[in-house]
2 protein chains.
Amino acid sequence: MGNQLRLGAGQPLFHEGDPAMSVFTLTSGAIKLYKLLPDGRRQVTGFMQPGDFLGISVDDEHAFTAEALEHSQLCSFPRSRFDNFVEENVEVERELYRLAAHELAAAQQQMVLLGRKTATERLASFFLALAERAERAIDGEIRFIRLPMSRSDIADYLGLTKETVSRVLALLKRQRLIRLDAIDRIEILDRASLEQVAAGDLDA
Amino acid sequence: MGNQLRLGAGQPLFHEGDPAMSVFTLTSGAIKLYKLLPDGRRQVTGFMQPGDFLGISVDDEHAFTAEALEHSQLCSFPRSRFDNFVEENVEVERELYRLAAHELAAAQQQMVLLGRKTATERLASFFLALAERAERAIDGEIRFIRLPMSRSDIADYLGLTKETVSRVLALLKRQRLIRLDAIDRIEILDRASLEQVAAGDLDA
DNA sequence: CGGCGTCTTGACATAAATCAACCAATGTGG
DNA sequence: CCACATTGGTTGATTTATGTCAAGACGCCG
């Protein structure tokens, strides 16, 4: 079907403002999506995992930059061919709508996090969201989470600095809620408490 | 067509978690949408104006609470009838998708605001967004903006406190970027500077 | 006119940012 | 194969933007 595409770590797939001439699905690796302010401040709006679709856009213009976190493979389809396909398969239109609605709900959840949660609550929520996502994929409980993104990427996703991320990580370790298995892999040790922290019921 | 519906100021239309049995369009007045954390912290995720459609949901459950800011009128349609209508009019499905994609882009913009902008930048961005929205409606430049929501609502929308909103408002007044025509009506005096402030190019 | 809720302003507290070392892992060239 | 540079991460000291707490002003409605 579409064209195979490979990206090395740090390579951009497209930039914010570029004309959106293709849609993509990620087949392996991981990608971060972000927006920049004129002075360089960055907000990461999401992380893509294998299986995710990348193609929702308004006015045929990319609303954010997409950049590989590690070696990644994608399938790309020309926008025009994709649009034709959608035209001919009405049920795909509905699926596309469902996808957008789902992402919208996630974005609203992230607004709550960015607008109202403390640093500790943000990290706890982030880890739980990653865990839940992985669990939905494999359908079963998970203890280990891979973090293909850097501390700065996490900070820019959670509206914090890398230093604060580091410090909160140390705190959660000290409280034995998580363990840093490797620099890019955490183990959830006490999920119930982590959930309480995420909800603001527990101060950690 | 749909059923007419009236709400007084402060009256909820539905609550977060309620089954989404109807969809709505706002015909007059104004409505705020918000999510709550267990301890009462609130994040306003949007404000609705006449003409806006309210019905995008996942799993037939409302993702937020909707509450009237002032006396408002809506048209409501049972979800089932609306779904039938969509089924029979394929082009509506596409329009619905467009709408969701547009709201998603707005949500991502709001993430940048909440995650990375200063209090002053947030207020400036907020006023400009309101102005642009009104201008899209009437197609022409606008100087006056109505604020049907309270300072607390603005604060909960921008991830601030009502006190900070008040102080920044005073600052923008002192700098002659805006004028408080009435407590719920501002006049934009220096749009160019306001835009610079919103972008972080000017410190106000 | 009086009381109540919202808004504003001020004094002070604090969570997180900033600034600055230091450390650990990784890669490079002699 | 080992100094050494480089990069990302951690930790500490200090600053700061915004939050919190408190008091007063304003405006609105009964």
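In what follows, chains carry the letters A, B, and so on, assigned in the order in which the sequence lines appear, proteins first and then strands, with residues in each chain numbered from 1. Predicted model, so just to flag it, every value in this text is computed and none were measured.
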Next item on the list: Taking atom CZ of A:F85 as the centre, report whether more than 12 heavy atoms of other residues, nucleotides or ligands fall under 6.0 Å from it.
Entry: no
[X] has an atom [atom1]; how far is it from atom [atom2] of [N], in whole Å?
X: B:R41; N: D:dT18; atom1: CZ; atom2: C1'; value: 16 Å
X: A:L113; N: C:dA16; atom1: CG; atom2: P; value: 12 Å
X: A:L123; N: D:dG9; atom1: CG; atom2: P; value: 13 Å
X: A:I154; N: D:dG9; atom1: CD1; atom2: P; value: 8 Å
X: B:L147; N: C:dT8; atom1: CG; atom2: P; value: 11 Å
X: B:L171; N: C:dT9; atom1: CG; atom2: P; value: 11 Å
X: B:K162; N: D:dG19; atom1: NZ; atom2: P; value: 11 Å
X: B:D184; N: D:dG27; atom1: CG; atom2: P; value: 12 Å

Considering only side-chain heavy atoms of [X], which listed nucleotide, [options], is closest?
X: B:E163; options: D:dT10, D:dC21, C:dA17; answer: D:dC21
X: A:R167; options: D:dT11, C:dC7, D:dT18; answer: D:dT11
X: B:R151; options: D:dT10, C:dC7, D:dT18; answer: C:dC7
X: B:S150; options: D:dT18, C:dC7, D:dT10; answer: C:dC7

Next item on the list: Hey, which sits more toward the 5' end of DNA chain D by its nearest nucleotide, A:M149 or A:R116?
Entry: A:M149
Check this one for me: any side-chain N or O of [X] less than 4.0 Å away from OP1 or OP2 of [N]?
X: A:T118; N: C:dA15; answer: no
X: A:T164; N: C:dA17; answer: yes
X: A:T161; N: C:dA17; answer: yes

Margin query: Using the rule given for side-chain hydrogen bond (donor to acceptor under 3.5 Å, both in side chains), can you reason through B:S80 versus B:D83, listing the C-alpha separation, both sets of side-chain angles and the distance that settles it, and then say yes or no?
Written below: CA-CA 5 Å; B:S80 54; B:D83 285 348; over 6 Å; no
Notebook entry, point to check: Is A:R191 paired with A:E195 through a side-chain N to carboxylate O contact shorter than 4.0 Å?
Noted result: yes
Notebook entry, point to check: Between B:R42 and B:E67, is there a salt bridge with N-O shorter than 4.0 Å?
Noted result: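 Answer for the salt bridge query: no.
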Next item on the list: Test side-chain hydrogen bond (donor to acceptor under 3.5 Å, both in side chains) on A:E93 and B:Y97 and set out the steps.
Entry: CA-CA 8 Å; A:E93 188 96 62; B:Y97 164 69; over 6 Å; no
